[in-house]
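Report on the following structure.
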Amino acid sequence: MIETSYRLGCMLNGEVVSRQVPPVRRLLDLLREDMGLTGTKPGCDVGRCGACMVLVDGKPMNACLLMAYQCEGRSIETIESIAGPSGEGLHPIQQALVAEGGLQCGYCTPGMVVSLKALCDEVPQPTRAQIEEALSGNLCRCTGYEGIIRGALRVSAFYQQPHPDPTP
Amino acid sequence: MDSRLNDSPGRAAPSVKLSRDTAGARWMDRPDGHAKVTGQLAYLTDRSIESMLHGKVLRSRHPHAKLVHVDIAAAVSMPGVHAVLTAEDVPGLNGYGIVTQDIPVFCTDRVRHVGDVIAAIAAETPEQAAAAAEAIHVDYEPLPVVDDPLHALETDAPQLHEMGNLLHETRVCHGDINEAFAQCAAIVEEVYTTPRQLHLYMETEGGLFIPEESGRLTVYSATQHGYKDRMQLARILAMPESSIRVVSSPIGGSFGGKDELNVQPYGALLALRTGRPVRLHNSRRESMRASIKRHPMRIRMRTGADAQGMLIAHHTEIIADTGAYATLGREVLQFATEHATGPYRIANVKTEGKSVFTNNGIAGEFRGFGGNQVIFALEGQMDRLAERLGMDAWELRRRNLREADDPGPLDQIIVPTDGASDVWASAMRSTMMARRGRVTQGAKPWLVRGVGAAIVMHGGGLGYGIPDPAGGRLALSADGKIEAAFGFEEFGQGVLSVLQMLVCDRLQCSAADVRIVIGDTDAVPHTGSATASRATAMAWQAMQKLVPPFASAIVERAAQLLGCEREELFTSEGGVWRRASPLSAELPQLALTYKQLAESSPARIIEQAAFDFPVTPTVDPVFGAHFLYTYASVAAEVEVDLLTGRVQVLQTDHYVAAGPVVNPMGFLGQIEGGSVMALGFALTEDVVMEEGRYARGQLDTYMIPTIRDIPAAVNVEAIEHLPAGDPFGPRGVGEIGTVGLAPAIASAIRAACGTWVNRLPVRPEQLIRPYHTFLEGRLHD
């Protein structure tokens, strides 16, 4: 194995990270194995399933296709950083998915939430077409996507009302 | 006189469209929802522990070969390697399988598919384990590959097992089909083929295996039946079952695919050998290579009717490619054979099935369990027969539908319901059905639309003669929680919600009063598997038995403590409440919390139930036959692009008769999710194999539906009605959603562009028309 003294410097979930990283380390393994952030899931290793989606400078990317060194100077946000407005509780996207049955086994869910976060940061009330575009790189085998779409279409309702289960 | 012919076609049982709005307070957030959307839920493959080693399995390079010699010497001395195991290191039985233990843990003299295992390694890092696997020298002597089940049955084919290449044969015969075919006004005959579908659960197989200081072994790895894994591992490890703890939930999807053992034997053997915790987690490529798949089937059907469209004769021949080992190949074929006549009354039936060994991986249990394949064929026959007779295809189905009291498809007694006619009639309410039988033009000349529909009857439980225990336990725990313990697994279907809702509903308590315990053999009673659409039904029946004595014991103890009459008390939110006197204006009051009750005495209040999945109570049993059935109909509208051959499903409407809905969100999710799995089965999914090797090994070539491939509208309606006095409650819905959509799509494609589909997934090239066709403004000749 190639040893290295490469030092990675980046932001991870709002905190400065500076650590030795082998050049062959993928971002996915850095997060899961080295940082213990197991909310980011391995699903295919070829960037097709989206279970490992993270935000890199606000853009959704597959952590299985990123080498750790490519994150130099960038800001990484994982599912662990996505929470309610106060930093506690659930983000409106998360509330909406729970409320609408937008998850079953839950393994794809962190990736779905991350992709939706990128979308909703740009478009607070996305249309179905925008949701389809944003989630076209996230596979789900349980829900048939129906609950996910219901949830995504209702996210804005949870932004407006802090109550966890508003009626429209 | 057949009374059904007098029914008006519009008659429909009451049904409810499932949604948050119609479910009201029964639309409940999942207990595991918060942990799942935040990424905090630790799946078993997320677990790690200091000092753990990494496991790796070496699989066969060849689909069929003699294993001449395995030399591990070089691998053993590689850096970081702690153990390299082969067949001689298995202390107990070198084999596994839910019913037949013919899958070698490690191969000894022969390999029969490219997933067969030769050795397993534990090393300090995954890279070291992989390097050691490369260093194992294996001498193979390749043998001719048996990759076609039809060829496998020929006398000169290489024989894959001592018993030959025929795993199982079925034969059902009612009446005389030869005589009956002679009297038919119309006969259709067709051969249908279905794909090798991959479960493609998002979480691949894996887990953590810990040798405990006590000498016990803890297995953290997904399965659909923890106790069954424990029993199988005990046999392999030559350890008492009580020395093994299997923690098997939560699970990132299964669909039948994780019911059989996968990485567990290797993790367990490596952990015990090294005395260190061992982690294994399959890559997607390894998962696709090693995992079981849905049986590809070749189904020939010959079906005949009289001039009125009454079915007279039906002959089915099924050839199932079961791959290298048995697993549940027998049972799947048995199920397919039972379901080959669907919900129809046919006097003369012959069904013959063969499940055949090949070198094409392993086929086994998969949601739908053989029903998907035969229903695709059967419903295709109904459409073809109707067209031959010049009849409406839905009307032809109506004329032949079973009545409540008719015997089951194997002439067995089944629980009577109007499910078949209810789902038939409900489908007529679909707005799409008015457009059936004709082409509708899309936005461009080459876009054509059509509507199709299908009916499904699907058995629940394992079937007559197969041990199918159920049960459960309710206890007031020391900390005052009402603990409901069941041996089911949570792989997404929502069994946690079901159990919580049932307990809260029956005891009128709140979710905060309840703790659900599942997925841990050290903590749960034997309640059978979470398979075969059985868990919700069995949980409901268990509660029928458990709750009355449990509630009674709680109230009894409270009455003693309070010094009052039992009749004054009832269980509710937070504890036991005292009724107000009918004469007073007071409201009921919380008299004792569950915690106070629990602390009042060291004697725990506990109720256990043990029973079996109900089967036909008959003196003339039919092995494997089912007693409880769920019924469903589905209508689908498709748009076919005649220039590309692409099929887009525009809308699907589902009607499901499964008794009372316990958990509306879960029910809806099962049908929505199941039907999109069926969409993939119909249009894109096939694990193509060439000479026993996988031609598709990753998600870049094996295509499941994405969010862009699903219908614009999916409607699900539940028909909850059951005959008065029916004691069985909810039937399962875990599988039925995956069955009916494929034949409905095939029917809609025929309506749209005139092409009969007899092979899944649909081949786009079969649907393409030359561009000049549209220049002349004509769709059809």
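Labels below follow one simple rule: chain letters A, B, ... track the order of the sequence lines, proteins then strands, and each chain is numbered from 1.
Residue contact with chain A, scored on non-hydrogen atoms closer than 4.5 Å, is absent for Leu496(B). If you measure heavy-atom distances from Leu668(B) to chain A, the contacts under 4.5 Å come from the side chain alone. For chain B, no part of Ile82(A) is nearby; none of its heavy atoms comes within less than 4.5 Å. Neither the backbone nor the side chain of Ser48(B) comes within contact range of chain A, judged by heavy atoms closer than 4.5 Å. In this structure, chain B has no heavy atom under 4.5 Å from any part of Ile93(A). For Val98(A), the parts sitting under 4.5 Å from any heavy atom of chain B are the backbone and the side chain alike. For a residue to count as touching a neighbouring chain, one of its non-hydrogen atoms must lie under 4.5 Å from one of that chain's; by this rule Glu133(A) touches chain B with backbone and side chain alike.
Looking at heavy atoms from C-beta onward, Met28(B) lies out of side-chain contact with Met665(B) at the 4.5 angstrom threshold.
Relative to the ring axis of Tyr702(B), Arg696(B) does not place its NZ or CZ within 45° and under 6.0 Å from the centre.
Heavy-atom pairs under 4.5 Å with chain B peak, among Arg141(A), Gln104(A), Arg48(A), at Arg141(A). Contact tally against chain B (heavy-atom pairs below 4.5 Å) for Leu90(A), Leu135(A), Asp45(A): the top residue is Leu90(A). For the set Pro42(A), Cys142(A), Pro110(A), the count of heavy-atom pairs under 4.5 angstrom toward chain B peaks at Cys142(A).
Side-chain contact check for Ser18(A) and Arg7(A): at least one donor-acceptor pair (N or O, by modelled atom type) lies under 3.5 Å. Between the side chains of Thr78(A) and Asn13(A), at least one donor-acceptor pair of N or O atoms lies under 3.5 Å.
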